Amino acid sequence: MPKDLPAAWRVSAVSAGEQVALGSNAARIENAPGKKELEVATQSLLSRLAELQEAFHADGRHALLLVLQGRDGSGKDGVIKSVYGAFNPTGVRVAAFGPPSSLELKHDFLWRVHQVVPPRGMIGVFNRSHYEDVLAVRVRKLAPETVWQPRFEQINHFEQMLHENGVIIRKCFLHISREEQRERLLARLDDPHKNWKFRLEDLDDRALWDEYTDAYRDVLAKCSTPDSPWFVIPADEKAVRNYLVARMLVDTLEAVNPTYPAMQQAVRDAARDFK
């Protein structure tokens, strides 16, 4: 049996309409296992994920879309590096969403998203997502409320349509505290491997911390549904964050119970005596 933590050590999906507390305490888990224990347990989960992904890819009945949202420094890239490393690259794709291009702005805000929704048999990971259109657009006042407010319902309809067409959606808000974000942003300044990612916009967004908190609360309350749930992942500790995301993905794929399709009898017969 793979090394794992007790079954209760999981995060639950946000309930529809739930007003989630997004203070500093929610960014950490009290009395969490030690880093080494978490890393060993995570590695076991990633091994299990690799097995499940092979069967999921061959099964081909569903697609899986993992949406990662979070403030700067919350670890979206870290989660992708951890989870992506467990997968066969032929069965997973990562899409990152920055400011829309001039072409994308000529379409509805979901147009560019639909282009990269994974096909059946594939796993897709979104580094940021269509939720920027009710987060950054709202907080930075890039569009009036009459534009971004209806998007909550439009997103729900979009995700419901994807679900009805075989796409399993799991959405993670990587929740980092203001204090931890400050430490990580400061650490970036002295690290040449990371400081190239530092943007003036990071400081602007930090100055809008409370406004982003309100926007995220609305996203979680209005767009977490049974078929397309949000999970709030405490992200102050990287080992905790990675374990919880891996645990949720294993639970999701095990519930699908992917199976390898049977070999066609005609192919089996033809191949039996080939030279």
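Because only heavy atoms are used, hydrogens play no part in the values below, and waters and symmetry mates are left out as well, while side chains stay in. From a predicted model like this one, the values you see are computed outputs, not experimental measurements.
- Through direct or relayed side-chain contacts under 4.5 Å between Ile, Leu, Val, Met, Phe, Trp and Tyr, Met122 connects to no other residue.
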Practice prompt. Check the pair Glu153 / Asn156 against side chain to side chain contact (heavy atoms under 4.5 Å, CB included), numbers first and verdict last.
Written response: CA-CA 5 Å; Glu153 185 174 2; Asn156 286 341; 5.5 Å; no
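- Between Arg128 and Gln69, some side-chain heavy-atom pair lies under the 4.5 Å cut-off.
- Criterion: ILVMFWY side-chain heavy atoms under 4.5 Å apart, direct or through other members. Under it, Val113 and Met161 are part of a common hydrophobic cluster.
- Contacts classified as ring pair (Phe, Tyr, Trp, His ring centres under 6.0 Å) and involving residues 10-40 (residues at least two apart or in different chains) are not found.
- Remark: Glu18 pairs with no residue by the salt bridge (Lys or Arg N to Asp or Glu O under 4.0 Å) rule, at least two apart or across chains.
- Under the 4.5 Å side-chain heavy-atom criterion for Ile, Leu, Val, Met, Phe, Trp and Tyr, Ile29 and Val20 are members of distinct hydrophobic clusters.
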Discussion item. Set out, in order, the CA-CA distance, both residues' side-chain angles and the distance that settles side chain to side chain contact (heavy atoms under 4.5 Å, CB included) for Phe97 and Arg112, then state yes or no.
Written reply: CA-CA 9 Å; Phe97 292 90; Arg112 65 172 180 163; 3.9 Å; yes
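- Counting heavy-atom neighbours within 6.0 Å of Gln264 CD, excluding the residue itself, gives a total of 12 or less.
- When all heavy atoms are compared, the tightest approach of Cys172 to Val245 is SG-CG2, 4.5 Å.
- Heavy-atom contacts from other residues, nucleotides or ligands closer than 6.0 Å to CG of Asn25 number 12 or fewer.
- A cation-pi arrangement is absent between Arg71 and Tyr212, since the terminal nitrogen or guanidinium carbon is not both under 6.0 Å from the aromatic centre and inside a 45° cone about the axis.
- Side-chain contact check for Pro229 versus Arg170: some heavy-atom pair is nearer than 4.5 Å.
- Annotation: side-chain hydrogen bond (donor to acceptor under 3.5 Å, both in side chains) contacts of Asn165 (sequence neighbours excluded): none.
- Every residue two or more places apart in sequence or in another chain was checked for a ring pair (Phe, Tyr, Trp, His ring centres under 6.0 Å) with Trp209, and none qualifies.
- The heavy-atom pair separating Glu104 from Trp111 by the smallest distance is CG-CZ3, 3.9 Å.
- Here the closest non-hydrogen pair linking Arg61 and Val256 is NH2-O, 3.4 Å.
- Here CZ of Arg247 is found 10.0 Å from OG1 of Thr42. Values are rounded to the nearest 0.5 Å.
- Evaluation of the side-chain hydrogen bond (donor to acceptor under 3.5 Å, both in side chains) rule for Glu51 yields Arg48 as partners, not counting sequence neighbours.
- Judged purely by atom type and a 3.5 angstrom limit, Ser224 has no side-chain atom pairing as donor or acceptor with the backbone of Leu220.
- With hydrophobic clusters built from ILVMFWY side chains whose heavy atoms lie under 4.5 angstrom apart, Leu142 does not share a cluster with Leu105.
- Under the 4.5 Å side-chain criterion, counting only non-hydrogen atoms from C-beta, Val134 is not in contact with Phe109.
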Considering only distance and modelled atom types, tabulate donor-acceptor pairs under 3.5 Å from the side chains of residues 77-88, sequence neighbours left out.
{"from": "Asp77", "atom 1": "OD1", "to": "Asn127", "atom 2": "ND2", "distance (Å)": "2.9"}
{"from": "Asp77", "atom 1": "OD2", "to": "Lys197", "atom 2": "NZ", "distance (Å)": "3.4"}
{"from": "Asn88", "atom 1": "OD1", "to": "Thr90", "atom 2": "N", "distance (Å)": "3.0"}
{"from": "Asn88", "atom 1": "OD1", "to": "Thr90", "atom 2": "OG1", "distance (Å)": "2.8"}
{"from": "Asn88", "atom 1": "ND2", "to": "Glu54", "atom 2": "OE2", "distance (Å)": "3.4"}

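- Nearest heavy-atom pair across Ala13 and Phe231 is N-CE2, 3.6 Å.
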Fill in: Full working for side chain to side chain donor-acceptor pair (under 3.5 Å) between Ser24 and Glu179
CA-CA 8 Å; Ser24 296; Glu179 299 78 15; 3.0 Å; yes
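- Among Gln181, Glu183, Arg182, the one residue that satisfies the side-chain contact (heavy atoms from CB on, under 4.5 Å) test with Leu185 is Gln181.
- Scored by the side-chain hydrogen bond (donor to acceptor under 3.5 Å, both in side chains) test, Arg188 finds no partners at all (sequence neighbours excluded).
- For Gln160, the side-chain hydrogen bond (donor to acceptor under 3.5 Å, both in side chains) test picks out Glu164, with sequence neighbours left out.
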Exercise answer: donor-acceptor pairs, residues 232-242 side-chain atoms, under 3.5 Å, sequence neighbours excluded:
{"from": "Asp236", "atom 1": "OD1", "to": "Ser177", "atom 2": "N", "distance (Å)": "2.9"}
{"from": "Asp236", "atom 1": "OD1", "to": "Ser177", "atom 2": "OG", "distance (Å)": "3.3"}
{"from": "Asp236", "atom 1": "OD2", "to": "Ser177", "atom 2": "OG", "distance (Å)": "2.8"}
{"from": "Glu237", "atom 1": "OE2", "to": "Arg28", "atom 2": "NH2", "distance (Å)": "3.3"}
{"from": "Arg241", "atom 1": "NH1", "to": "Ser74", "atom 2": "O", "distance (Å)": "3.4"}

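- Counting heavy atoms from C-beta on, the side chains of Tyr131 and Cys223 come closer than 4.5 Å.
- Every ring pair (Phe, Tyr, Trp, His ring centres under 6.0 Å) that Phe173 has, sequence neighbours left out, goes to His175, Tyr216.
- Residues Glu254 and Leu52 meet the side-chain proximity criterion, which asks for heavy atoms closer than 4.5 Å.
- Other residues, nucleotides and ligands contribute over 12 non-hydrogen atoms within 6.0 Å of the CZ atom of Arg140.
- Of the charged side-chain nitrogens involved, none lies within less than 4.0 Å of a carboxylate oxygen, so that Arg184 and Asp72 do not count as a salt-bridged pair.
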Practice prompt. Let me see the working for Met248 and Leu66 under side chain to side chain contact (heavy atoms under 4.5 Å, CB included), right down to the final yes or no.
Written response: CA-CA 11 Å; Met248 182 272 293; Leu66 173 64; 4.1 Å; yes
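- When hydrophobic clusters are built by joining Ile, Leu, Val, Met, Phe, Trp and Tyr residues whose side-chain heavy atoms come closer than 4.5 Å, directly or via intermediates, Leu162 is not grouped with Ile123.
- Side-chain heavy atoms closer than 4.5 Å link hydrophobic residues (I, L, V, M, F, W, Y) into clusters, and following such links, even through other members, never connects Leu65 to Ile168.
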Practice prompt. Quick one: do Leu249 and Leu64 satisfy side chain to side chain contact (heavy atoms under 4.5 Å, CB included)? Show the steps, please.
Written response: CA-CA 10 Å; Leu249 289 174; Leu64 173 62; 4.2 Å; yes
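- Residue pairs meeting the ring pair (Phe, Tyr, Trp, His ring centres under 6.0 Å) criterion with at least one partner in residues 135-168, sequence neighbours excluded, are His114-Phe158, His130-Phe158.
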